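Quick notes on the structure that follows.
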Amino acid sequence: MTSITFDVALAHDPVDRDFVALDVLSAGSGESPDDGAAEREGWALLEATGDLALLTETAGRIRRATESSALLLDYPREYLLRVSVLDIVAAEERQRLAWLLQRCAQDGTVRRDRFRFVCGIRSSRWIDLRITRRLGDDRTELLLTGHDVTDWVENERQLVELSYQDPLTGAGNRAFMRKRIAEFAARGTPGQLFALALMDLDGFKKVNDSLGHEFGDALLKEIGKRLQDALRSRNMVARLGGDEFVLLLEGLDSESEAIRILERVIHVSRQPFHLGGCQVRITTSIGLAFWGSASHPTDAPLTESQWLRRADLAMYEAKALGKNRYCLYSPEFEHRLDEQFRIEQSMFEAVQNGEFLLHYQPIVWPETGEVCATEALMRWEHPQGAIAPDVFIPMAENNGLIKHLGAWALRCACAQLASWDAQGFHVQHMSVNVSPVQFRHPGFLDSVRNAIHDARIAPDRVVLEITESALMTDPAATESLLTELRALGIRFAVDDFGTGYSSLSYLRRFPLSALKIDRSFVSDMMDSPHARTIVSAVMSLSRELGLVAIAEGVESDAQAQLLSAQGCTLVQGWRYAQALPPGEFERSLRAGTLRLGKTDVFPSQGQA
């Protein structure tokens, strides 16, 4: 008689229970009374576990089943004995289970996997299934044992859902967006149209700063709800973080359909939000990138980061064009960004290599053409060709280099003025542009003081040109700084007058000396009565306030004559001279092409 021993502690481990049951069933073939007793004990053991236990043919037909299996699957035991195990698993699982049954029967290797079983009344159960080969005298059988992991699978599913969900808004998060893009790329075929839109809330920071982050979070929750309501169910909303949301638009019939969706999103976004008793309105800027369209072809699916980069570039273009709008991606955006990046990186080396220099453009009396002053203009002589100031100066303002370049330009201009004095060329005034970033820097006052001191020139010969926007960023601080600089003797001109805030109150508050009429008005005044009226008004205003009016960008005789007839004090532009390197400026003075005036245009007393 076969002796069977069983450690009761094994009943707590499903895997170990299976091994014990298999040992018991393998102990006898059922040919002798002892073998039959061993097999009965084995099945009794499997019955006691309360889990699944089926004995099947290699093709899956069930030959034996425990009562606990019937209870677990919610089928009568008699029904189980008439069907194949393949009949009671989910349809999508059958091929995989059939393959595992076949492989186990062939090589005897234990197989283990998770399957969804279709139950009688209950919809389904997830079973962690273990398949073991059992060899008999005349046939091969398979023992299928397993335990219910439905609750575990459901918890896992919920955790996965949470891992793909933004906790604040309930929308998807970046991980979910990446997953959905990967799924689309895997099944996408030519002719399918797909779009990714990146949206950013305009002015959201002001909501946080003014009302607090609690109200900012409430606004984000509401915008998330509006977005999900505005999109069709097959589209997806995800929040990247902060106030950035991504819209994944699938199954589009045309590009115009995507644009209609974005127009709806823009509309619902600018509807008022009611936060803490306040009515708040915001707008949004959206960048849109397509895949699969004729006008935006893509040979291969893009990665999530590439999609996001394209939509991001388009979104920033929308902001640059005035916000509260959408913009479609264009390869030009990437080319422009790459070029800007290249220029910006080479800018740091250019500072070390001395590639920046100053050119000087004469400022003259319109009647005589005599030089009264000169404006120092920064130039960048890049080895691959000169780079225009309107390209590199905004970059320098963004990356902070403008503070160093501006301080260098001021020192260089003052030193140049002293050098010309030593050569006998007495240029009365040196005009230097000041960037808004440079003007607001705490060390600006000291940089001006040091430049004048090191060059040993009279401070009243230096004119700082400052834009209206820089002056009006913080009027109180501006007034204090200008007063300190004016105490040194420095003079000030408002650059590009009329294109900034157009607030006239600062003209009496700030110690100004001159107004520079923007070149856009000068270039248009021959064809535009409005431009002529503005130029005339600026000159009248200057006379009434005792300020010098300087017209820049004068390029034709007709412009020069009209400005002179209207009493413009000073002019500059290609009509008289281009901005010249120091050596060429000096040669023009020696040759008489440029003549220095004797009269100081700026009064020595009064407001100036």
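Bear in mind the structure is a predicted one, so any value in this text is a computation, not a measurement.
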- Backbone N/O of L471 and side chain of T478: donor-acceptor pair under 3.5 Å: yes
List the atom pairs, donor and acceptor, that lie under 3.5 Å between side-chain atoms in residues 378-385 and the rest of the protein, sequence neighbours left out.
| from | atom 1 | to | atom 2 | distance (Å) |
| --- | --- | --- | --- | --- |
| W380 | NE1 | E355 | OE1 | 2.8 |
| H382 | ND1 | Q384 | N | 3.0 |

- Task: Quick one: which residue pairs count as a salt bridge (charged side-chain N to carboxylate O under 4.0 Å, His left out) with a foot in residues 435-446, not counting sequence neighbours?
- Result: D446-R449
- Query: Judged by modelled atom types alone, do Y329 and E317 share a side-chain donor-acceptor pair under 3.5 Å?
  - Reply: no
- Validation row: E584, H359 side chains within 4.5 angstrom (heavy atoms): no
- Query: For residues Q572 and E375, is any side-chain donor paired with an opposing acceptor at under 3.5 Å?
  - Reply: yes
- Message: Has R239 got a side-chain atom pairing as donor or acceptor with G242's backbone, closer than 3.5 angstrom?
- Response: yes
- Quick one: list whatever passes side chain to side chain contact (heavy atoms under 4.5 Å, CB included) with Q271, sequence neighbours left out. R226, H267
- Query: Do you know the tightest heavy-atom contact between Y326 and A318?
  - Reply: C-CB, 4.2 Å
- Item | Any donor-acceptor pair under 3.5 Å from S528 side chain to A531 backbone | yes
- Can any side-chain N or O of R532 pair as donor or acceptor with the backbone N or O of M525 at less than 3.5 Å? yes
- Item | Note, Y360 side chain near P582 side chain (heavy atom, < 4.5 Å) | yes
- Nearest heavy-atom neighbours spanning S269 and M199: OG-CE, 4.0 Å
- Partners of R519 by side chain to side chain contact (heavy atoms under 4.5 Å, CB included), sequence neighbours excluded? E552
- Pair K516 + E465: basic N to acidic O under 4.0 Å: yes
- Where is the tightest heavy-atom contact between A258 and L249, given as atom of each residue plus distance? CB-CD1, 4.0 Å
- Query: Residues in side chain to side chain donor-acceptor pair (under 3.5 Å) with S254, at least two apart?
  - Reply: S256
- Would you call E339-R342 a salt bridge at under 4.0 Å N-O? yes
- Item | Where at least one partner belongs to residues 196-209, residue pairs that pass salt bridge (charged side-chain N to carboxylate O under 4.0 Å, His left out), sequence neighbours excluded | D200-K319, D202-K319, K205-D209
- Message: Take a 6.0 Å sphere around OH of Y316 and say whether it holds more than 12 heavy atoms from other residues, nucleotides or ligands.
- Response: no
- Task: Find out whether F439 and L482 are in side-chain contact, i.e. whether some heavy atom of one side chain is under 4.5 Å from a heavy atom of the other.
- Result: yes
- Message: Closer than 3.5 angstrom, by distance alone: can the side chain of S480 be matched with the main-chain N or O of A477 as a donor-acceptor pair?
- Response: no
- For F290 and W307, run ring pair (Phe, Tyr, Trp, His ring centres under 6.0 Å): C-alpha distance rounded to whole Å, both residues' side-chain angles, the deciding distance at 0.1 Å, then the answer. CA-CA 9 Å; F290 283 103; W307 269 117; 8.8 Å; no
- Residues which pass side chain to side chain donor-acceptor pair (under 3.5 Å) with S542, listed by chain and number, not counting sequence neighbours: none
- Using the test side chain to side chain contact (heavy atoms under 4.5 Å, CB included), find all partners of Q561 that sit at least two apart in sequence or belong to another chain. D557
- Item | S163 (side chain) donor-acceptor with V160 (main chain) under 3.5 angstrom | yes
- Which heavy atom of A376 sits nearest a heavy atom of N433, and at what distance? O-ND2, 3.7 Å
- Message: My understanding is that only residues two or more places apart in sequence, or in another chain, count here; which of them pass side chain to side chain donor-acceptor pair (under 3.5 Å) with T374?
- Response: none
- Message: My understanding is that only residues two or more places apart in sequence, or in another chain, count here; which of them pass side chain to side chain donor-acceptor pair (under 3.5 Å) with E154?
- Response: R157, Q158
- Query: Side chains of L507 and L515: does their closest heavy-atom pair fall under 4.5 Å?
  - Reply: yes
- Query: Side chains of Q306 and R310: closer than 4.5 Å at any heavy-atom pair?
  - Reply: no
- Query: Is any NZ, NE, NH1 or NH2 atom of the basic residue among R486 and E479 found under 4.0 Å from an Asp or Glu carboxylate oxygen of the other?
  - Reply: no
- Residue set satisfying side chain to side chain contact (heavy atoms under 4.5 Å, CB included) with A171, at least two apart, ordered chain then number -> T169, Q228, V237
- Message: Looking at A560, is its backbone amide N or carbonyl O close enough to the side chain of S564 to form a donor-acceptor pair, meaning the two atoms are under 3.5 Å apart?
- Response: no
- Could you tell me whether D253 and R260 have a side-chain N and a carboxylate O separated by less than 4.0 Å? no
Give every donor-acceptor pair under 3.5 Å between a side-chain atom in residues 386-402 and any protein atom, sequence neighbours left out.
| from | atom 1 | to | atom 2 | distance (Å) |
| --- | --- | --- | --- | --- |
| E397 | OE2 | S435 | OG | 2.9 |
| N398 | ND2 | P394 | O | 3.3 |
| N399 | OD1 | L401 | N | 2.9 |
| N399 | ND2 | E344 | OE2 | 3.1 |
| N399 | ND2 | M395 | O | 3.3 |

- Item | Whether over 12 other heavy atoms sit under 6.0 Å from F348 CZ | yes
